[in-house]
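The structure appears below as structure tokens.
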Amino acid sequence: MFNGLNFNFEPGRKLGIIGKNGIGKQRFSNYLGILQPTFGKIDIGEKTEFNYVDQARLLLNDEDTVIEAIGEGSETLKFGKSEISVWTYLRRFLFR
């Protein structure tokens with residue numbers, strides 16, 4: 001998937017992986033936390049947290065609004081070690 005890739009994430013850094021279906025986003029994210037690379041190495045910091053959004057939408061109810069789906073019945077959600085409103089969370093993804 002990658003040859004000669006070196007990348008260091010500094011504390012507090014956030015990274016999103018986006019792209020067309022079928023180009024390897026999920027496989028790449030699996031290497032970050034699940035799979036072992038065929039060569040090279042991946043070092044993950046002790047406090048590193050991964051978040052995965054299911055592209056197959058297996059966990060979503062098509063009858064729910066975006067707010068209901070994200071909040072799972074609550075107006076707030078856990079974000080890292082803190083709690084934020086669903087609207088604040090959605091604004092981070094440019095929802096109005």
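Because only heavy atoms are used, hydrogens play no part in the values below, and waters and symmetry mates are left out as well, while side chains stay in.
Partner of Val86 under the side-chain contact (heavy atoms from CB on, under 4.5 Å) criterion, out of Ile70, Thr76, Val66: Ile70 alone.
Separation of atoms CG (Asn61) and CD (Glu72) is listed at 11.5 Å; rounding is to 0.5 Å. Once rounded to the nearest 0.5 Å, the distance linking OG of Ser82 with CG of Leu77 reads 9.5 Å.
Nearest heavy-atom pair, Glu63 versus Glu68, reported as atom, atom and distance to 0.1 Å: O-OE1, 4.3 Å.
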